[in-house]
There are 2 protein chains.
Amino acid sequence: MNNPARKPSRIQTENRQRIRDAALGLFATHGFRGTTLDQIADACGMHKPNLIYYYESKEAIHIDLLNTLMEEWLNPLDSMNPEGDPLEEITAYIRRKMEMSRLYPRESRLFANEIVQGAPRMLPHLETTLKPLFDKQCGIIAKWMNDGKIAEMDPAHLIFSIWAVTQHYADFEAQIAVLLPGDDKRERGAEQFVEMMFRKVLMP
Amino acid sequence: MNNPARKPSRIQTENRQRIRDAALGLFATHGFRGTTLDQIADACGMHKPNLIYYYESKEAIHIDLLNTLMEEWLNPLDSMNPEGDPLEEITAYIRRKMEMSRLYPRESRLFANEIVQGAPRMLPHLETTLKPLFDKQCGIIAKWMNDGKIAEMDPAHLIFSIWAVTQHYADFEAQIAVLLPGDDKRERGAEQFVEMMFRKVLMP
DNA sequence: CAAGTTTTTTACCATTTGGTAAAGTTACGA
DNA sequence: TCGTAACTTTACCAAATGGTAAAAAACTTG
């Protein structure tokens, strides 16, 4: 990896992706300190120094994951359309969040790990990227409430509760699996419940 | 600590408590692997071998914490009274959960860490202790719904959503602090919001 | 296909970390 | 108050872990 300015080769792109994929699963379940370079190397069929060839340190892998994750993660929130039907827009947002919990539980857990531990590597990112978006969307929701389109409440806490409930299904999956062993219709049940719940909350 | 059968001395009780208190904070913020014996020793003003004198290993401290935590943690759920007024009972439960998030965020985060990482040391405990209680309380709630006292829905997902929303305030505090910087009335706002929200959901 | 560049592998190292051995010190009941 | 059991401290150690050096292999390009 001589010239960092040059655009990455095919092998570089592929291998970085393999590393990220392996590291994502491990960081998500064992946390940053709980994951070793050897584990990551094993999981993606490489040798430890090879990882360091592509990422200068273990922390660099972690940071790269968090950064790429943040973008994907915030997309749904950003795509709420202020011109659309309020109840529809929020419901669509909730549906996408549930879908993401179902399809990308590793990402959800990586994020959860980071935040539970005080966001040591993400606080700046939260302030510069998440905060402005959050404030903007709170404004949109507040306007909808003012217009009487949905029930009046604190938009910030509404968003928190949506995050809490939807991400819970990914982050606390281990617990849910114990309490609701019938694996088949669990996901459908969850999605129906959550939608119903927020419809009740939001009805003007 | 010669005779393990004998009841613990005053010093033993005190020092074990000091260790648990220090370890709780560290495990909660850095996770199990992220916390070192030296850190714990530092935090409670002891030397590392002294910890091992009281607990046979780092893992033993962690397990002891999780076990004692579980009991306290489940108390509120257990104290829902099937004879009481349904809406009152559930609201009281929610209030106690919010209070616990506010007063014992370390415990909440310790638990969150453990579950997010797949509950490696707690799965058996979840199955033997939490599951039966959960099923019992689901039954109580189902009966209330059958009697038309509260709105009809899946009691399991209702409990999940209560856990999700209430614990979110402790577990994701780092994020909330960024998004809602006005520290003063945040807690009141959260408690009012959550109560209002579930009242709407539960109204028959 | 030859020369140079990128990528992989082997061998290694310094630090950290969980834990031990054993000597030294304190508390406490007879 | 004296002897013994409980507790603390100092000095260690072996394994694990993040990372490096450098040679070997593979790939790219003129």
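Below, chain A is the first sequence line, B the second, and so on; all start at residue 1.
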Original post:
Which of the following nucleotides, D/dC7, C/dT6, C/dT20, is nearest to the side chain of B/Ile52?
Top reply: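 Within the option list, the nearest is C/dT20.
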
**OP:** Ignoring the backbone of B/Pro49, work out which of D/dG18, C/dA21, C/dT8 is nearest its side chain.
**Re:**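 The nucleotide sitting nearest to the side chain is C/dA21.
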
Donor-acceptor contact present, side-chain [X] to main-chain [Y], <3.5 Å:
{"X": "A/Asn113", "Y": "A/Ala28", "result": "yes"}
{"X": "B/Glu127", "Y": "A/Val178", "result": "no"}
{"X": "A/Glu173", "Y": "A/Pro105", "result": "no"}

Subject >> B/Tyr54 side-chain N/O to D/dT8 phosphate OP1/OP2 under 4.0 Å >> reply: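 Indeed, a polar side-chain atom of B/Tyr54 lies that close.
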
Original post:
Is any side-chain nitrogen or oxygen of B/Gln12 closer than 4.0 Å to OP1 or OP2 of D/dC7?
Top reply: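 Checking D/dC7 against B/Gln12, a side-chain N or O does come within under 4.0 Å of OP1 or OP2.
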
Using whole Å, report how far [atom1] of [X] lies from [atom2] of [N].
{"X": "B/Leu51", "N": "D/dT9", "atom1": "CG", "atom2": "P", "answer": "11 Å"}
{"X": "A/Arg18", "N": "C/dT8", "atom1": "CZ", "atom2": "C1'", "answer": "11 Å"}
{"X": "A/Glu14", "N": "C/dT7", "atom1": "CD", "atom2": "P", "answer": "11 Å"}
{"X": "A/Glu59", "N": "D/dG19", "atom1": "CD", "atom2": "C1'", "answer": "14 Å"}
{"X": "A/Asn50", "N": "C/dT7", "atom1": "CG", "atom2": "C1'", "answer": "7 Å"}
{"X": "A/Tyr53", "N": "C/dT8", "atom1": "OH", "atom2": "C1'", "answer": "9 Å"}
{"X": "B/His47", "N": "C/dG18", "atom1": "NE2", "atom2": "P", "answer": "17 Å"}
{"X": "A/Asn15", "N": "D/dA26", "atom1": "CG", "atom2": "C1'", "answer": "13 Å"}

Original post:
Of B/Ser57 and A/Met46, whose closest DNA chain C nucleotide lies nearer the 5' terminus?
Top reply: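 First, find each residue's nearest nucleotide; the 5'-ward one identifies A/Met46.
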
Original post:
Are B/Phe27 and B/Phe111 near enough that their ring centres are under 6.0 Å apart?
Top reply: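 They do not qualify: ring centres at least 6.0 Å apart.
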
Original post:
So does A/Lys200 have more than 12 non-hydrogen atoms from other groups sitting under 6.0 Å from NZ?
Top reply: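 Yes, the 6.0 Å shell around NZ holds more than 12 heavy atoms from other groups.
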
**OP:** If the plane angle is over 60° it's perpendicular, under 30° parallel, otherwise tilted; pick one for B/Phe134 and B/Trp163.
**Re:**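 B/Phe134 vs B/Trp163 ring planes: tilted.
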
**OP:** Please state whether the base of C/dG18 and the side chain of B/Lys48 form at least one donor-acceptor pair under 3.5 Å?
**Re:**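 Donor-acceptor pair under 3.5 Å: yes.
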
**OP:** Name every residue in residues 25-42 of chain B that has at least one heavy atom under 4.0 Å from any atom of DNA chain C, in order of residue number, or write none if there are no such residues.
**Re:**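 Those residues are B/Thr35, B/Thr36, B/Leu37.
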
**OP:** Under the ring pair (Phe, Tyr, Trp, His ring centres under 6.0 Å) rule, collect the residues that match up with A/Phe198, sequence neighbours excluded.
**Re:**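 Not a single residue meets the ring pair (Phe, Tyr, Trp, His ring centres under 6.0 Å) criterion with A/Phe198.
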
